[in-house]
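Report on one structure; see the data block that follows.
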Amino acid sequence: MNRLTRRLAAAALALAFVFAAAALTGHETQAQARITSPEQFFGFQMGADRKLVRWDKAVEYYRLLEKESGGKLKVVEMGPTEMGNPFLLVIITSPANQARLEELRQMNLKLSDPRGVPEAEIRRIVAEGKVVICQTMSMHASEVGGINMAPELTYDLVSRTDEEARRILDNVVYLEIPSFNPDGAIMIHDYYVKYLGTEFEGGPLPWLYNKYIGHDNNRDALTMNMKDSQYVGKLMFVDWKPQAYVDHHHMGSYGARIFVPPYAEPIRPLADPQVWREMQWYGGHIAYKEEEAGLSGVANTSQYSGWGHFGFHWITPFHNIAGMLTESASARIATPLYIDPSQLAGGARGLETYKEQMNFPNPWPGGWWTLRGVVERQKVSAWATLDLAARNRETVLWNAYLKASRQTERGAKGKPAAYAMSAKQHDPLTLNKLVNALLAQGIEVMQSPKGFAAPDGMTYPAGSFYVPLAQPKMGLVRYLLGETHYMDNEHTRRQDGTPIRPYDMGQDVLAEFMGIRADPLDEAVQGDFAKVVAPIVPAGKVAAKAPFGYVLDGRLNDSFRAVNLLWDKGVAVRRVNAASDGLRPGDWLVPAGPDAAVADVARLTGVDFNPLKAAVAKGAHDARRLRIGIYRRYRGGNMDEGWTRWLFEQWGFPFSEVYDAEILKGNLNARYDVFIFADDSTGAITGEPGGGRGEGRGGMAFASVPNSTPPEYRSGIGSDGVNAIRDFVQKGGTLVALGGATDFAITRLGLPVRNVVAGLDSKEFFCPGSTLRVRIDNTHPLAYGMPAEGLVLFHYSPAFDVVATDFNDRNEIVVRYADRDVERSGWLNGEKYIAGKTAMASLGLGQGRVVLIGFRTQNRAQTHGTYKFLFNALVSR
Ligand SMILES: [Zn+2]
């Protein structure tokens, strides 16, 4: 053939293909022609260099696809985020499935809790049901792969008409969260665009990438304080209970290109074993598909341990969901990063060296790393998950039934058989909050209207709660309510005995965090129980006759909220500081009279307004709201500070955010009575070199480059700031230093205190996220309302010795660690170093004082049991 005939033949062949395709797919080809591609819509290919999708445009795009998809895609606006942006769920499945979505959901719920469902019905559902898969994108907003990948994945799902795509739509209901953090997505986009083309291009966001909590948004799965978490938690734990979940993240830049399931050692026991096998199965298929697509650098069984925090992808296995994550190597947001081959390194758990190995057979060779490289790998992983489920629909559904029924059986046979939570607790209103947190996890909780007796003879009064282990989420019940000890074995120590840092904490016993007693019962109780079907929102009672005024129980956290609301309404409140006639130190006294205000506050807070028997003349003082300042810095922001802000808002404490400039102006006493430094490193506060714990605690989201932050966002109070803070205390102010910030207070203000665990080798002392027993001086105003013994959360925290000086009378020890058996839950190595040592102290300095709280008193707004230590510092003594 000459060149012309070759060309004509080729053209004819191409034409023939076009006709064949048109004949085969008929009207779909026309429909396809109407579906707008991401490239057409956004004007660039997803993941193109220096291009990011902005969330508002993404929302528009999903709404457009909803119109164009021919019934394959439904957009659900779940509600506003903390900053008022729309939070979307995109449901993708065949039009036939979309038409019976509610029926499919109900069927799925029977598989995930098959108690009382006849086996014939289970078999029918397995035959006719659909696999439910959930995937979430860019929860950590700086990890931009997911939000930029999702439009392309979504477009492929609704526009592709090949067999693989059809099989997915026919067999899978795919729940996509195209951004798990819309607020952060917008911040990251705008910051990135602002500094494009400058020397700061691609640098880290100087503040937290959402309103309050930054990187901790994953850890929020435990209690779901944030709206975003609530939407996804309700979707996964209550409404849909998918069979598998993949959360798409980023990691550091210099190892594997993408981590895919399964996790590495150590495992966290008590899930159904099949759930871990499923992760191997999905992970195997994902890795296979990556290789098939010619994508290198895929690692599994490494870096991310099976025992992590109870973030979304790590808590889901205990919901019988194959909870997985992908972690892609980070470029510099959308700016390519050149990586010399010599810079590639292993060093991660299960990936010690950067060379071919069973879980990493095809190392990426180095060169330019781009966001497109991330998008491609993530998209393959997301598609492969759907593909595997679609090809194995019945197996996956049958497994869902098996996991749920076997876990229920295990719970029925095991010990403990149940947990009982007495209505009689130190702070009963906090018990309701714990129950509500369990309900939000989709855990079954029963309540006894008349009370019950346990086989061991313990009795529980009316209103007490009973949580049976004979339920599908038994593993989760066990971890949230029962004493937990982190594994101590060859997977958690190096050969020389050095403990390997757990991914997060050593346990997640929410009951212990909240100061609630949950008793394990060896045998089930056949009582007259009623299932708790809705969150408990108690209304407080107001005594009808209270000529001497009311008393609010100082043991209730909610009394602080009530008092704050009363102060908002201009009601004067007194506080008891000496026990007398049924009154305890810390109780609040409210005058008779403002009936409407009182009724309102009782209803909102659940706090009872009980009548005083007589006028209280002695042993009480006028309580006054203090002016609160909280230190806020850049350097990626401080999550603990963000949590503290959120907590104060929830509990009604007004406060100001104070940046460096205001501190440097000095004369802080004119504006503040109390000044708070949340958990932080000294260097991050002062701005000295070497300081700067970033937002990526526990993660590896950023390869941070020195000076990658514009000058206007470099922070640190410097020595002038230290002087201003010292001046503030000496003139009568109260400085509250939390966690690591106690080091700042001790070293910079020269306090006579020594951190007794500083500098100890981890072989001698090691204590990640553990609840430890303490003795509390609850006659001290900072511990009013607390029990005499309790639990605090210790997370690589300091512990103190107050050193003898000529002025010992200025120093007060409020909380000490127990003398023995210090660990309640977690992992404490080297008890002798902290037994009997000081956990919290108040130290006089000039006219003022410094309150050191070494433990995590308000950690992630989960440790309700120790909030009062902080709250007490915010009101006048
Ligand atoms: Zn992440």
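In each ligand, atom 1 is the first atom listed, and ligand 1 is the first ligand listed.
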(message) Between Thr81 and Asp183, do the side chains contain a donor N or O and an acceptor N or O under 3.5 Å apart?
(response) yes
(request) Quick one: closest heavy-atom pair of Arg501 and Phe766, and the distance? (result) CA-CZ, 3.7 Å
(message) Please determine whether His249 has a backbone or side-chain N, O or S atom lying under 2.8 Å from the Zn ion (ligand 1).
(response) yes
(message) I'd like to know if the side chain of Asp247 pairs up with that of Gln135 as donor and acceptor (distance under 3.5 Å, no hydrogens or angles considered).
(response) no
(message) Within 2.8 Å of the Zn ion (ligand 1), is there any N, O or S atom belonging to His140?
(response) yes
(message) Taking 2.8 Å as the cut-off, does Glu143 contribute an N, O or S atom near the Zn ion (ligand 1), distance below it?
(response) yes
(message) With side-chain hydrogen bond (donor to acceptor under 3.5 Å, both in side chains) as the criterion, how do His313 and Tyr304 come out once you've worked through the C-alpha distance, each side chain's angles and the decisive distance to 0.1 Å?
(response) CA-CA 11 Å; His313 64 90; Tyr304 301 91; over 6 Å; no
